[in-house]
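All remarks here apply to the structure that follows.
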Amino acid sequence: MSYSPDLLKGQKALVTGASSGIGEAIARYLALSGAAVAVNYYSEAESAQKLVDEIKAANGEAFAIQADVSKEDQIKAMFSQTLEQFGTIDILINNAGLQKDSAFVDMTLEQWNRVIEVNLTGQFLCAREAAKEFLRRGVQPQISSAAGKIICISSVHQIIPWAGHVNYASSKGGINMMMQSIAQELAPHKIRVNSIAPGAIKTPINKSAWDTPEAEEKLLKLIPAKRVGDVEDIAKAAVWLASDDSDYVNGITLFVDGGMTLYPGFTENG
Ligand code: BGC
């Protein structure tokens, strides 16, 4: 595991949806890089606490905090508690997200709304609360050259259309425009807002796409690198975007997808 415990020393981070998958790995890597981490979860209290215990056992600082990212009152409460605990916040990882897949004509309004409210509205609510604190506090040069960093976890489906997943792809397309607009608005305040767009990463959300040899073989046709990604691939990118090593990077989407967005179907066609 490659990380530098001084890279994010003294920084305070909040990771949404950190009890499993990509969020969990990002929280772990931020902690290994020296940040104190608020581990947000929705329902998996035990997994969140396990991660907190692991971070603390390695002399890190962390606590678990429950909230549904789509609920404004819960997000306000989560930020107040985080500020109470940590004093301030430097890094927000907007990660919580879900899929509710359905053929388009059968998609219920409930399926549409839930995905939009968690994946997109949830990121809006958390980004807004984080930005308020970044603006209030401003730059602390001994901590970071930015007043704050927001990293939105998007998906290759912010640009790749996805049949059977119209709600999910729409939420991710929305994240891109939201991220860029916030970045444009807050850049003069030394706040950096970027996205990571993972491709197929081995997590519970897409287990059926890689957990049998047949499924994996089919999936690999979409990945020029011929490897399904690991959560660490995303965590390492998140640490870089959260650190001053990426100080001049603002408003980008970093695709971490083994080349999925190279449209490999065109390699010998078109
Ligand atoms: C989805 C996964 C999918 C991947 C590549 C992700 O955003 O959550 O289910 O495997 O995109 O299609």
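This is a predicted model, so every value here is computed, not measured. All ligand and atom numbering here is 1-based and tracks the order in the structure.
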Got a salt bridge between E61 and K56, using NZ or NE/NH1/NH2 to carboxylate O under 4.0 Å? no

Nearest protein heavy-atom contact for atom 3 (C) of ligand 1: which residue, which atom, what distance? W162 CH2, 3.7 Å

Below 30° counts as parallel, above 60° as perpendicular, anything between as tilted: where do the rings of H165 and W162 land? parallel

Nearest non-hydrogen protein atom, atom 5 (C) of ligand 1: H157 NE2, 3.5 Å

Under 4.0 Å to a heavy atom of S155 - the qualifying atoms of ligand 1, by number: 6 (C), 7 (O), 11 (O)

Could you list which atoms of ligand 1 come closer than 4.0 Å to a heavy atom of G199? 4 (C), 5 (C), 11 (O)

What is the closest protein heavy atom to atom 8 (O) of ligand 1, and at what distance does it sit? Q99 OE1, 2.6 Å

For atom 10 (O) of ligand 1, the protein heavy atom that lies nearest, with its residue and separation: N206 ND2, 3.2 Å

For atom 6 (C) of ligand 1, closest protein heavy-atom neighbour: Y168 OH, 3.5 Å

Between D90 and R137, does any NZ, NE, NH1 or NH2 come within less than 4.0 Å of an OD or OE carboxylate oxygen? yes

Between I201 and D230, is the side-chain contact (heavy atoms from CB on, under 4.5 Å) condition met? List the steps. CA-CA 5 Å; I201 308 296; D230 296 312; 5.6 Å; no

Minimum heavy-atom distance between D233 and V256, given as atom pair plus value: O-CG1, 3.8 Å

Heavy-atom gap W210 to ligand 1 smaller than 4.0 Å: no

S154 and Q158: side chain donor to acceptor below 3.5 Å: yes

Which part of K172 is near ligand 1, with near meaning a heavy atom under 4.0 Å away: side chain, backbone, both or neither? neither

Check this for me: does any side-chain nitrogen of one of E232 and K236 sit under 4.0 Å from a carboxylate oxygen of the other? no

